[in-house]
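One-based numbering, in listed order, for ligands and for the atoms of each. If you read the sequence from its start, that first residue is 1, and numbering goes on from there.
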Amino acid sequence: MKTECQDRTIQGDVFFAQAEKLQLAKTCRSQPAAFDSNRIEKAVKEILIAIGEDPEREGLQETPSRVARMLKELTEGLHKNEKDELSCRFHEDKAGVVLVKDITFSSTCEHHMLPFTGVAHVAYLPKEGQITGLSKLARVVECVSKRLQVQERMTSQIADAIESALDPLGVFVMVEAEHSCMVLRGIKKPGSLTVTMESRGVYREDQDLRKELLSLVTRA
Ligand SMILES: [Zn+2]
């Protein structure tokens, strides 16, 4: 017979296991299941039937496999770690602020599975001359955008990757995007732009530095 104490331990373990699982689900960063094209093809066929279409008519016969290939491309960032994009680092003693503006991206909103597209501006202030290749910043944007996303999380994932890989004095990320789910459905507002921002380190602490960077970003 179990004592009360053992019972508590068991409950405690279960609790922690659940908390761990929840954390996994929240971050989606640990070992996502492999992409299953067959399952998607079957599901798309079901959707076609459910909306009243005939999946066997000529124009739709290849649609399930096309959608599966498309979704594979749009979610390939789920199976990658954006931090790996920053593994190549250099040393440049006098490196000042690095800003890459207008990195175009296309991502998929996780609430409606519709695209949101726009640009990201990514900046960091190197610590002790630790820098990475300029194209690597664009690769980080590409990696995190190829997931089911919300713009807020995408913005912080870019900042997190740079912060943890380069340990810079400051990071600043701004994302501007138009969301198809606000254009095609619901409120139907074409042209409205959603802006999200993340400031870390000196760009969080020092308003003047952040202002200076913002003026660089917004300068035409
Ligand atoms: Zn949406």
Exercise for the section: May I ask you to test the Glu92-Pro126 pair for a side-chain heavy-atom distance under 4.5 Å? Expected result: no
Handout entry: Flag side-chain contact, heavy atom, 4.5 Å: Leu114 against Arg185
Key = yes
Problem - pair Glu176-His121: side-chain heavy atoms closer than 4.5 Å - result: yes
Practice task
Quick one: name the protein N/O/S atoms under 2.8 Å from the Zn ion (ligand 1), chain by chain.
Solution key: Cys109 SG, His112 ND1, Cys181 SG
Problem - Candidate list Ile158, Val122, Leu214, Thr196, test side-chain contact (heavy atoms from CB on, under 4.5 Å), partner Met174, passing option - result: Leu214
Practice task
Flag the pair Tyr203 / Leu125 as yes when at least one side-chain heavy-atom distance between them is below 4.5 Å, and no otherwise.
Solution key: yes
Completion exercise
Distance col, row Arg139:CZ vs Glu82:CD, nearest 0.5 angstrom, shows 14.5 Å
